[in-house]
2 protein chains.
Amino acid sequence: MTELEKGPLGQRRGRGARERILSASQRLFRDKGINRTGMDQLCAEAQVSKRTAYQHFATKDDLVTEYLRRFDPDVMPGVFDRPDLTPRERLLAAFEIPATTPLCPYIAAAVELHDPAHPASQYARDYKTAIAKRLTETARKAGATNPEQLGEQLALLIDGASARTRVLDTDSFPTAATIAAVLIDNAIPS
Amino acid sequence: MTELEKGPLGQRRGRGARERILSASQRLFRDKGINRTGMDQLCAEAQVSKRTAYQHFATKDDLVTEYLRRFDPDVMPGVFDRPDLTPRERLLAAFEIPATTPLCPYIAAAVELHDPAHPASQYARDYKTAIAKRLTETARKAGATNPEQLGEQLALLIDGASARTRVLDTDSFPTAATIAAVLIDNAIPS
DNA sequence: AGCTATGTAGACCGATCCGTACCCAACGGC
DNA sequence: GCCGTTGGGTACGGATCGGTCTACATAGCT
C-alpha cells in the first residue's frame with residue numbers, strides 16, 4: 001500500500017506520479033494525437049500537477065520520447081521467442097497482434113513531430129530497424145534463401161497494414177498476412 | 001497580363017491570390033507539416049493578406065481539404081492510362097512515381113488532423129479507395145484471377161512504402177516493387 | 001518531533017494559434 | 001470619372017500552447 005493511492009478520503013494519490021503521467025500519455029496521445037494533447041490536459045488526466053510533471057520530464061519532447069520508449073518491452077510481445085512456434089509460424093504471427101496496437105505509435109509520432117532530428121523520430125527509426133532485424137533473424141532460422149530481403153519485405157507489410165488501417169479505419173492486417181504467406185513460401189525452399 | 005502580377009513597381013500582385021495560397025500550402029505543409037504551419041506564415045509566404053486568404057477559404061480546415069483535393073488530377077499521373085504499357089506493366093509502374101510525392105500527403109493529413117470525421121480525413125479515405133479501385137481495374141485487365149485481392153494488396157504495398165520511406169528516410173519503393181512483382185506473377189495465370 | 005523529498009493546486013508568462021476588423025490602394029466595368 | 005470588387009497591411013481578440021513559479025500539504029526516515 002506504500003505506493004498506491006490511498007483510500008477513501010486520503011486525497012493523496014501516492015508516489016506513482018511518473019507512472020500515471022505515462023499511462024495518461026498513452027491514452028491521450030493515442031486518442032487525440034501528440035500535438036493536440038496539451039500538457040495542462042495531460043496533467044489533469046493524470047491527476048498530477050504541472051510542477052510534478054516537469055520534475056519528471058524536463059520537456060514535452062522528453063515525455064514523448066519516453067512515451068515511445070515505453071513500447072519497447074512490448075515489441076512484438078513474445079512473438080519472436082515463442083518456443084511453441086516454428087520460425088515460419090513466428091513470422092506469420094507478427095501479423096496477428098494489431099489488436100493491442102491499433103495504429104503504430106512510431107509512424108504517428110514521426111509524422112506528427114515532423115522533425116527527423118527529434119529524439120522521438122530517431123527512436124522511431126531505431127525501433128523500426130530493430131523490428132526488421134528481428135524479422136530477418138527469424139527468416140534466417142526459417143531457412144529463407146535471402147533473409148535480409150524477406151525481413152525487410154515483412155517489415156514493409158507491417159507498416160503498410162498499420163498506415164492503411166489508420167487512414168481507412170479498416171483492419172488491413174489480414175491482407176498483409178496473406179501477402180506475407182506468399183512471400184514466405186516463395187522465399188523458403190521446400 | 002490581366003491576371004498575372006504586374007511589373008516593376010505596380011506592387012499589385014494580381015488576382016492569382018488563391019493560386020499562390022494553394023501552392024504555398026503545398027510547400028509548407030510538405031516541409032513543416034499542417035499543424036506546424038500557421039496561417040500568418042502561410043499568408044506571408046504566399047504574399048497574400050490574411051483577409052484575402054480568409055475570403056478564399058473560410059477556415060484553415062477548408063484550406064487543408066482543398067490542398068488535398070489539389071492532388072487529385074495528379075492521382076498516379078497517367079500511370080493507369082498509358083497506352084504504351086501492358087496492364088501488368090502499369091501495375092508495376094505505380095511503384096516508380098514516388099519521386100514526385102516524397103511522402104503521401106493523405107497519410108500525413110489523416111495522422112496530423114487525427115479526426116476521422118474531418119473533411120480532409122474523409123477525402124483521404126476516398127482517395128485511397130479510388131486508388132485501390134484503379135489498381136483493381138487494371139489487375140482485372142491484366143487477367144488476375146482475383147483482381148480485388150490483388151488491387152488491395154498493391155494498395156497496401158504503396159502505403160507501406162510511403163509510410164516506411166517517411167519514417168526511415170530511405171526509399172522503400174524498390175522493396176515494394178519487388179513484392180508487387182511476386183504478387184502479380186502469382187495472381188496472373190501464365 | 002523535525003527534515004527532506006515528493007506531491008497538489010493554480011496563478012502566471014510570453015509565444016503562437018486561428019480568425020476578424022478596419023482602412024486604404026489599385027484595378028475593371030459602366 | 002465613378003464605384004464596386006479585390007487585394008495589402010496590420011492591429012487586435014480570445015484561446016491555447018509549453019513552461020515557470022510560489023504556497024502549501026503529506027509521506028517516510030531518523
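Sequence lines set the chain letters: A, B, ... in the order given, protein chains first and strands last, and positions in each chain run from 1.
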For this session: Kindly indicate, with the supporting measurements, whether the criterion salt bridge (charged side-chain N to carboxylate O under 4.0 Å, His left out) is fulfilled by A:K128 and A:D159.
Result: CA-CA 9 Å; A:K128 288 295 175 193; A:D159 287 344; 2.7 Å; yes
Seminar exercise, completed: Checking C:dG7, C:dC18, D:dT20 against the side chain of B:M39 (C-beta onward), the nearest is C:dC18
Grab the [atom1]-[atom2] distance between [X] and [N] for me, whole Å please.
| X | N | atom1 | atom2 | result |
| --- | --- | --- | --- | --- |
| A:D61 | D:dG18 | CG | P | 10 Å |
| B:D40 | C:dC18 | CG | P | 7 Å |
| B:L63 | C:dC17 | CG | P | 15 Å |
| A:Q55 | C:dG7 | CD | P | 7 Å |
| B:F57 | C:dC18 | CZ | P | 15 Å |
| A:Q47 | D:dA25 | CD | P | 20 Å |
| A:L42 | D:dT16 | CG | P | 16 Å |
| B:E19 | D:dT6 | CD | P | 16 Å |

Would one find a side-chain N or O of [X] under 4.0 angstrom from OP1 or OP2 of [N]?
| X | N | answer |
| --- | --- | --- |
| A:R20 | C:dT8 | yes |
| A:S49 | C:dG10 | no |
| B:H56 | D:dT6 | no |
| B:T59 | C:dG19 | yes |

Exercise. Does B:R51 or B:R36 map to a spot on DNA chain C nearer the 5' end, using the closest nucleotide for each?
Worked result: B:R36
For this session: By nearest nucleotide on DNA chain C, pick out whichever of A:A53 and B:Q41 is the more 5' one.
Result: A:A53
For this session: Indicate yes or no: at least one non-hydrogen side-chain atom of B:Q149 is less than 4.5 angstrom from one of A:T178.
Result: yes
Problem set entry | Side-chain H-bond candidate by donor/acceptor type, A:R166 with B:H114, under 3.5 Å | yes
Would you say the side chain of [X] and the base of [N] hold a donor-acceptor pair, judged only by whether the two atoms sit under 3.5 Å apart?
| X | N | answer |
| --- | --- | --- |
| B:K60 | C:dG19 | no |
| A:K50 | D:dG19 | yes |
| B:T52 | D:dG7 | no |

Exercise. Can you list the steps and then say if A:T175 with A:S172 is a side-chain hydrogen bond (donor to acceptor under 3.5 Å, both in side chains)?
Worked result: CA-CA 5 Å; A:T175 300; A:S172 294; 5.6 Å; no
For this session: Mind telling me whether B:F71 and B:Y67 have parallel, tilted or perpendicular rings, with 30° and 60° as the class edges?
Result: perpendicular
